[in-house]
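Convention: sequence-line order gives letters A, B, ...; per-chain numbering from 1. This is a predicted model, so every value here is computed, not measured.
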Protein chains: 2
Amino acid sequence: MGKKQVTFADIAAYTNFSKTTISRYFNHPDSLTLENQEKISQALDTLGYKKNKLAKVLANGKSEFIGIIIPNLYLHYYSEMLTQILSSYRDFHYKFLVFVSDNGPSEEEQYIDELMAYQIEGLIVLSHTLSSEKLASYQIPVIAIEREAEHICGVTSDNYMGALQAATLLIRDKCDVLIHVNADVPKSIPAYDRIRAFEDTCQEYHVPYELNLNVIGDSYQDIFAQMKHIFSDIDEKYPCKKKGIFLANDTYANMFLNLIFQKYGCFPDSYELVGFDNSPIASEAILPITTVGQQIDLIAKTAIELLVQQMEERKKRRPVPLSEPIHKQITPVLIRRDTTS
Amino acid sequence: MGKKQVTFADIAAYTNFSKTTISRYFNHPDSLTLENQEKISQALDTLGYKKNKLAKVLANGKSEFIGIIIPNLYLHYYSEMLTQILSSYRDFHYKFLVFVSDNGPSEEEQYIDELMAYQIEGLIVLSHTLSSEKLASYQIPVIAIEREAEHICGVTSDNYMGALQAATLLIRDKCDVLIHVNADVPKSIPAYDRIRAFEDTCQEYHVPYELNLNVIGDSYQDIFAQMKHIFSDIDEKYPCKKKGIFLANDTYANMFLNLIFQKYGCFPDSYELVGFDNSPIASEAILPITTVGQQIDLIAKTAIELLVQQMEERKKRRPVPLSEPIHKQITPVLIRRDTTS
DNA sequence: TTGTACGCGTTATCAA
DNA sequence: TTGATAACGCGTACAA
C-alpha cells in the first residue's frame, strides 16, 4: 500500500473543521455555507481524497450490493439478461456480485453464504438448483427469474402467450399438422407453459398435432444427433402435408432448418418453422428464423424494480414486508422472419 | 432488518471468552484448545452467527474484491471470458464486481472510481476505451486482456500464430488466391497481428493474395449488407480459381458461408473458409466452419494468476513491485471442420 | 451552521 | 492459551 488512505480526519485537520462537517459535506452539502463547501472541496483534491465505501457501509448498514446467481453465460438468454441487469447500475447505483453456478445445491448455498457475508441487500436467482423455499429462508429480498418461485418473488416470460402466438401463426398459415419439439420439461418450471399452450391452441382450432418431447443431451453434438432422428421421422411421416414445427428454442430451430436445407438444398413450402428466444442464431441462420422474442430488457427491468422497491422498503424506520410474493409475467413478441410465409 | 446481527461481542458474552478469542477461533483455530473450539462452535450456531466480511475488510484492509470492466456480453468471446474469470473463485476466492461499459471513457472512469471506493485489490480490463497509461495511474494491479497494454500487464491470444495457421492451411489446401476479410483494425490493438501474419505468410509462400478491410458497421444487418458486396466482388473476380477466404471472425465467416450456400445451394470446391474465435456459430452453421480457436480458459487462467500474484505481493511487509509490465501470449489452436478439405 | 462522542463488527498489538 | 485496548473510516444522535 505504501502511504495509507486520506481520511475525513485528515481533511478535518487540514481545514480546521470536524470530521462530522466533512461527512456532511458529502451527505448534506446544503447544511454548509458555500464558502466552506469550497474550502473542503479544495482540501479534498489537494490531499487527494478517495472515498471508502466499505467504511460507509459498516457505519450505515447499506451495502448497495446485489448478489446474482446465474447458471451460465453460454446461452444468449442468460448473457443478455446479465447485461441488462448490470446496466441497471445507471439508474439505481446498486453494485453486483456475480456467481456462475451450475454445480449443484451445496456449491450454490456456499456462494449465497459468501454473498450474505458481504451484506448484500438483495439477491437475483436465475439458477434452478435451490428451491424457492430454501431461498425464502435467507432474510433478504429475493427475485427469481424464469424459474420456480412459489415462496419468493418472480418474473418470467409469459410462456403461454408466446407459444400461443407461435401455434396460432402456424395455424393461420394453413399448416396441415403442427409439431412441437422440446425436451421433457418438468411441469414445475415456467417453460412448461409452452407445451400447454401449444396443445390447448391446437385443440381449440381442431388442428392435428404431435408432441415430440424426446430431445435430451447436454452437448450440441448430442442434441444435433437427436434432432437428425426427429427430423427424418417427421419428414417421412408427413410426406405430402404442410408441416408447422414449433421448436423450444432457436438452437433447435436452427438445427432443424439446417437439416431441411441439407436434404432439399432450399427451404421448401411444405415446412414452416418457429423458434423461441430470438437469440442471435435465429438471425444468423441460413434463413432468418421466425421466433418468439422474450423481452429480456423488460424482464430485467421488472425484476430490478421489484427488488429495489423491497430493498428500499426495508430501509424505512417501520418496514412493511410483502404479505405474499409478487409474480410478474412479461409477454413475449412474435418476430416474423423467413421460415414462415 | 428486525433484529441486528449476532457479533463477536455476543458470542464472547455467551461463552465468557473475549472478542479476541472468538476472532482467533476463525483465523488461528490451532491456538485454542479443542475443548474451547467446541464451546465456541456450539455458541455460534445456537446464536445463529453470520460472518460480516465488510467489517473484516475495514479492519485488515483486504477486500478480496477484483473489478472487471467488459465491453459487452453479446460476443461469445466476452461472455466465455467472463465465465472463466468468475469461475476462478473456486481456486482463489476473490469476489468480482462487474461493470459492462461501452459508452466512452468518462463513464468508464466513473466505474473505476466506484470500484476503487469499494477497495478492490485488482482490476481486469477488457474494454478499449481507456489508455493503458491512464489505467496504470490507479495504484493497483491491472491486467489487460486482448487490448493495448503498453503500461500495464496484459494477456492476449497469439493473433500472429493464429492467422499464420489459418493462412498456412489454405495454402496447403492449394488455394489459388487467398483473401483476408476484416474491418480496418488499428495497428495498436493485438488483433492487427492477424492482418500482419496473413500478409507475411502469403508473401513467404509466394501465393497471390488480397486484403479486404472494408467491413464496417455495428449491427448484424449493416455488416451483412457489406458482406454481400464483398462476396459478389470476390465471386466475380476469381471465377475459375480456388479461393481461400480467411475471415476475421466466425460471424463474418458464417455470413459468407450463407451467401455461398444461397447462391450455389451447396458449398462448392472452389471455396475454402476459415473463421476466427471458435464461437458457437461456427459449429451451428449450415456447414461446421473451420476456425481458429482462442484458448479462452487458458487466457483467463493466465490473467488471474498474474493478477493474484501481484495482489499477494502487495500484502507482504516489503512488497517488490514489478519493474515493468508482464505480457503473455496464448497460442490459439486451429480447429478443422467442414469448410476446408 | 458546526462539534462531541459513540457505534458499526472485526483485526492487530501488546501484555498477561 | 487468553484478554484488554486501540485501531479501521465513516455516520449519527445530541448538543452547542
Ignoring hydrogens and angles, are the base of dA4(D) and the side chain of T20(B) linked by a donor-acceptor pair under 3.5 Å?
yes
For N16(A), answer base if it contacts any base atom (sugar-phosphate contacts may also be present), sugar-phosphate if it contacts only those atoms, and nothing otherwise; contact means non-hydrogen atoms under 4.0 Å.
sugar-phosphate
Side chain of T33(A): nearest nucleotide among dT1(D), dC8(C), dT1(C)?
dT1(C)
Check the phosphate of dC8(D) against N52(A), side-chain N and O only, distance under 4.0 Å to OP1 or OP2. Yes or no?
no
I'd like to check Y25(A) versus S41(A) (side-chain heavy atoms, cut-off strictly below 4.5 Å). Are they in contact?
yes
Sole residue of L97(B), I66(B), I69(B) in side chain to side chain contact (heavy atoms under 4.5 Å, CB included) with L123(B):
I69(B)
Looking only at side-chain N and O atoms, does N27(A) come under 4.0 Å of OP1 or OP2 in dG11(D)?
yes
Under 30°, 30 to 60°, or over 60°: which ring-plane class applies to H76(A) and Y74(B), parallel, tilted or perpendicular?
perpendicular
Given atom CG of N60(A) and atom P of dA13(D), what is their separation to the nearest angstrom?
11 Å
Check whether the side chains of E313(B) and Q309(B) place a donor and an acceptor atom closer than 3.5 Å, and report yes or no.
no
Expressed as a whole number of angstroms, how long is the span from K56(B):NZ to dA7(D):C1'?
17 Å
Of the nucleotides dG9(D), dT11(C), dT2(D), which one has an atom closest to the side chain of L58(A)?
dG9(D)
dG9(C) P sits how many Å from K51(B) NZ, rounded?
16 Å
Closest to side chain of A59(B), choosing from dA6(D), dG11(D), dC8(D)
dC8(D)
dC10(D) phosphate, OP1 or OP2, under 4.0 Å from Y49(A) side-chain N/O
yes
Test for a donor-acceptor pair under 3.5 Å between the base of dT10(C) and the side chain of K53(B), counting only N and O atoms.
no
Would you mind reading off the distance between D30(A) atom CG and dT2(C) atom C1', rounded to a whole angstrom?
15 Å
Q119(B) side-chain N/O to N52(A) backbone N/O, donor-acceptor pair under 3.5 Å:
no
Look at the side-chain N and O atoms of S23(A) and state whether any lies under 4.0 Å from the OP1 or OP2 oxygen of dG11(D).
yes
Find the distance F17(A):CZ to dT2(C):P and express it as a whole number of Å.
6 Å
Is any side-chain nitrogen or oxygen of K19(A) closer than 4.0 Å to OP1 or OP2 of dC10(D)?
no
Using a cut-off of 4.0 Å on non-hydrogen atoms, how would the nucleic acid contact of L32(A) be classed: base, sugar-phosphate, or nothing?
sugar-phosphate
Give the rounded distance in Å between these two atoms: NZ of K62(A) and P of dG9(C).
15 Å
At 4.0 Å (heavy atoms only), tell me whether F26(B) reaches a base, stays on the sugar-phosphate, or touches nothing.
nothing
Rounding to a whole Å, what distance do you find between E64(A):CD and dC10(D):P?
15 Å
Look up atom CG in L126(A) and atom OH in Y77(A), then write down how far apart they are to the nearest 0.5 Å.
6.5 Å
Using only modelled atom types and a 3.5 angstrom limit, is any donor from either the side chain of R24(B) or the base of dG3(D) paired with an acceptor on the other?
yes
Give the rounded distance in Å between these two atoms: CD of Q37(B) and P of dT2(D).
9 Å
OP1 or OP2 of dG3(D) sitting under 4.0 Å from any side-chain N/O of S18(B)?
yes
